[in-house]
There are 2 protein chains.
Amino acid sequence: MVTISDVAKDAGVSVSTVSYVLSGKRPISATTRERVERSISSLGYHPQASARALASNRSSALALVVPLRRDVIVPVIMQFASGVVVTARTHDHDVLLMTQDEGAGGLQRVSGSGLVDALIVMDVEAQDPRVEVLRGLRQPAVLIGLPDDPRGLGCVDLDFAAAGRVLARHLAEHGHRALALLGPSPAVYDRGTSFATRFLRGYQQAAEEEGVRAVAHACEPSFAGVAAWLDRVESELPGLSALVVHNEAALAPLLSVLSARGRRVPEDLSVVALCPADVAVSFPVPLSAVEIPAATIGELAVEMVLDQLEGRAQPSVRLLPPEFHERASCGPAPRPATPRPRRSRATARMGS
Amino acid sequence: MVTISDVAKDAGVSVSTVSYVLSGKRPISATTRERVERSISSLGYHPQASARALASNRSSALALVVPLRRDVIVPVIMQFASGVVVTARTHDHDVLLMTQDEGAGGLQRVSGSGLVDALIVMDVEAQDPRVEVLRGLRQPAVLIGLPDDPRGLGCVDLDFAAAGRVLARHLAEHGHRALALLGPSPAVYDRGTSFATRFLRGYQQAAEEEGVRAVAHACEPSFAGVAAWLDRVESELPGLSALVVHNEAALAPLLSVLSARGRRVPEDLSVVALCPADVAVSFPVPLSAVEIPAATIGELAVEMVLDQLEGRAQPSVRLLPPEFHERASCGPAPRPATPRPRRSRATARMGS
DNA sequence: TTGAAAGCGCTACCAG
DNA sequence: CTGGTAGCGCTTTCAA
């Protein structure tokens with residue numbers, strides 16, 4: 001194994017000079033630098049990560065904690081993780097992959113052992129017990145999600161409230177006067193996952209502002225679940241002409257069930273969703289949808305956490321604006337709109 | 001920060017004793033061990049990873065290289081990665097996440113810098129340039145996939161040939177005499193990805209043995225691609241009554257197109273696939289399918305690579321047997337089988 | 001602009 | 001069964 005002193009010897013300089021050539025932390029004459037670099041590549045020298053970390057007290061690694069639950073949208077996780085890894089590499093950092101099930105203890109372990117310089121934690125819930133632990137660590141952290149009390153921690157996420165607003169408003173502007181939100185499975189609400197609630201609030205707020213009737217219910221992502229959900233909202237809301245879907249896994253069953261019942265999209269029923277682009281275009285009629293900018297969130301998380309690490313910035317909360325993509329699943333309301341009241345009461349609630 | 005000598009002082013023993021308590025590499029009296037452990041937890045001591053790695057020349061980390069291409073099946077990758085991380089943790093190892101795009105240089109970097117003790121590389125192609133690089137590294141490696149020349153490297157993968165055989169044979173046993181294989185997109189074959197070819201060979205072999213007619217064509221996973229594929233095989237193979245799908249992304253379009261054309265599954269056409277269980281059950285008619293045991297492959301990869309690291313085993317190739325799950329998409333051939341020839345010529349080829 | 005050398009915290013060898 | 005201690009390969013301060 002070739003070490004820094006092998007390089008120093010070969011180049012006829014001191015060890016510290018080689019180190020400074022590598023780090024750029026002090027000026028080096030062009031000729032010296034060149035000699036050193038020649039030796040480095042001719043010897044095939046690679047600085048040893050552990051020695052560097054020990055001496056500098058920096059690991060050049062970030063921890064990334066990903067969820068494993070079955071109700072997460074796997075492709076979104078992957079996009080996000082890719083964004084993190086690629087961005088980390090452009091800042092000369094590596095990524096240590098951890099799973100949710102290591103829990104708070106895992107965070108303490110990697111932090112305490114100095115394995116990483118900073119942490120990025122996905123899928124953080126409103127009352128996540130890990131939040132308090134993260135606040136107590138030596139290393140900075142950025143969360144994907146928005147806990148109730150984010151003090152001291154960076155947060156990045158889609159602005160779910162704005163996403164809910166955008167979708168509801170879009171339907172209202174197409175003349176729809178009665179909307180239904182197909183929400184995530186009940187388990188997601190039970191867990192107190194804040195994004196579901198934020199989306200719902202945005203949806204309700206826009207519906208109210210636009211003066212349209214709107215219901216919302218959680219939905220199990222299966223054929224049976226979707227069928228039951230449909231029965232319920234159709235009986236609950238006569239004149240229903242548009243759906244907002246915040247449940248990726250329910251999309252396929254939903255569209256199957258609709259087609260089986262002879263309800264055409266968008267002629268009979270408009271559908272808009274929050275889902276990745278590739279999912280949106282995987283149906284016979286491409287879905288108008290808001291996307292989760294997962295890769296961007298990943299990049300941003302890395303940049304925020306490194307800014308905190310270098311003292312360039314304080315922890316802050318960043319909610320990214322939703323991007324709506326119009327495709328083919330949203331049309332005008334089928335029946336001429338009934339005379340629009342100046343200010344109708346919006347009804348929106350999230351039942352079980 | 002609390003160090004090993006703080007613990008030694010607190011417990012009234014030497015640092016080496018603390019070290020040996022931690023590693024268990026030499027006998028320690030019960031009383032000493034207890035005192036040391038008490039000090040460790042009362043001081044909240046965490047051994048520093050970098051110092052340990054420097055002194056022991058072991059990082060206790062594995063590199064995991066995941067693909068980023070759009071034609072990979074993301075959930076399978078995730079299952080696999082989870083299996084790797086969880087298993088690595090049970091063996092006291094962490095996982096460094098790398099992306100495909102770091103290429104051979106990335107492998108050399110993490111290897112040369114001693115960041116990891118071993119490497120696991122996913123999605124390895126028949127003529128993958130990384131194979132030669134991996135062979136030259138100091139650390140052992142295990143590949144997911146099967147390159148043409150795997151000498152010196154461990155390999156784990158599904159036995160794709162057996163999977164192709166199982167599916168074709170299953171259909172033949174249900175009386176189907178004319179089969180079509182809907183393969184991955186042409187890009188996959190062009191890339192020389194060995195799993196596609198292995199699956200195809202197994203399918204062809206079983207068809208020949210069973211004396212059934214069988215065609216095979218690559219297919220773009222889109223509505224247009226699937227429709228064109230269907231037109232082609234139906235005109236090419238009169239009496240076609242069963243499909244084998246080796247293209248997860250094409251499943252949804254395929255089933256939509258079939259339903260739009262009034263072809264019922266399984267009454268008019270039987271369909272079997274190679275896909276994850278959750279995908280198989282996400283359609284109106286649950287698909288009989290072979291699954292990729294991704295989590296198992298991940299576990300196995302970790303165990304194999306650690307066995308190599310510890311000198312407990314030589315690099316070897318392990319192909320896991322396919323597991324077929326009967327669901328609802330496969331029925332008997334619709335028309336009574338034509339008199340079965342003793343040994344008919346099977347036709348199977350993979351056109352563009 | 002460069003060199004010398006003191007650690008960083010741990011492991012594992014050598015002694016006892 | 002336990003202690004002392006020489007490194008592991010690098011960074012960074014102090015000195016020149």
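Every heavy atom of this structure was used, including side-chain atoms; hydrogens, water molecules and symmetry mates were not. Throughout, protein chains are lettered first and strands after them, A, B, ... in sequence-line order, and every chain is numbered starting at 1.
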Any side-chain N or O of [X] under 4.0 Å from OP1/OP2 of [N]?
| X | N | answer |
| --- | --- | --- |
| A:Lys25 | D:dT11 | no |
| B:Ser29 | D:dT2 | yes |
| B:Ser19 | C:dT11 | yes |
| B:Ser23 | C:dA12 | no |

Quick check: are there more than 12 heavy atoms from other residues, nucleotides or ligands sitting under 6.0 Å from [atom1] of [X]?
| X | atom1 | value |
| --- | --- | --- |
| A:Arg151 | CZ | no |
| A:Arg135 | CZ | yes |
| A:Asn57 | CG | no |

Output the single nucleotide from [options] whose closest atom is nearest the side chain of [X].
| X | options | value |
| --- | --- | --- |
| B:Pro47 | C:dA12, D:dC10, C:dC10 | C:dC10 |
| A:Ser56 | D:dC10, C:dT11, D:dT11 | D:dT11 |
| B:Met1 | C:dG9, C:dC10, C:dG3 | C:dG9 |
| B:Ser16 | D:dC10, C:dA12, C:dG9 | C:dA12 |
| A:Thr3 | D:dC1, D:dT12, D:dC10 | D:dC10 |

Measure the distance from [atom1] on [X] to [atom2] on [N] and round it to the nearest whole Å.
| X | N | atom1 | atom2 | result |
| --- | --- | --- | --- | --- |
| A:Asp6 | D:dC10 | CG | P | 9 Å |
| A:Ile28 | C:dT2 | CD1 | P | 5 Å |
| B:Arg52 | C:dA12 | CZ | P | 9 Å |
| B:Lys9 | D:dG3 | NZ | C1' | 15 Å |
| A:Glu34 | C:dT2 | CD | P | 13 Å |
| B:Gln48 | D:dG9 | CD | C1' | 15 Å |
| B:Arg58 | C:dG9 | CZ | P | 24 Å |
| B:Arg35 | D:dG3 | CZ | C1' | 14 Å |

**Asked** Is A:Arg109 paired with A:Glu102 through a side-chain N to carboxylate O contact shorter than 4.0 Å?
**Response**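 A salt bridge is present here (some side-chain N lies under 4.0 Å from a carboxylate O).
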**Request:** Classify the side chain of A:Thr17 and the base of C:dG3 as holding, or not holding, a donor-acceptor pair under 3.5 Å.
**Result:**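 It does not, because no donor-acceptor pair links the side chain of A:Thr17 to the base of C:dG3 below 3.5 Å.
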**Asked** Is there a donor and acceptor pair, one atom on the side chain of B:Tyr45 and one on the base of C:dC10, closer than 3.5 Å?
**Response**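 Counting by modelled atom types and ignoring angles, no donor-acceptor contact under 3.5 Å is found here.
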**Prompt:** Stepwise, does the salt bridge (Lys or Arg N to Asp or Glu O under 4.0 Å) test hold for A:Arg58 with A:Glu310?
**Reply:** CA-CA 12 Å; A:Arg58 282 295 187 91; A:Glu310 307 296 353; 3.6 Å; yes
**Prompt:** For B:Val15, which contact category applies under a 4.0 Å heavy-atom criterion: base, sugar-phosphate, or nothing?
**Reply:**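 Answer is base: heavy atoms of B:Val15 come under 4.0 Å of a base.
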**Asked** Hey, does A:Ser50 reach any base, or is it just sugar-phosphate, or nothing, if we go heavy atoms under 4.0 Å?
**Response**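 Nothing, no heavy atom under 4.0 Å.
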**Request:** Would you mind telling me which residue lines up with the more 5' stretch of DNA chain D, B:Arg26 or B:Leu54, judged by nearest nucleotide?
**Result:**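 Final value for this comparison: B:Arg26.
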**Prompt:** Going by heavy atoms in the side chains, are A:Ser82 and B:Gln100 under 4.5 Å from each other?
**Reply:**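 They are not in contact (no side-chain heavy atoms under 4.5 Å apart), so the answer is no.
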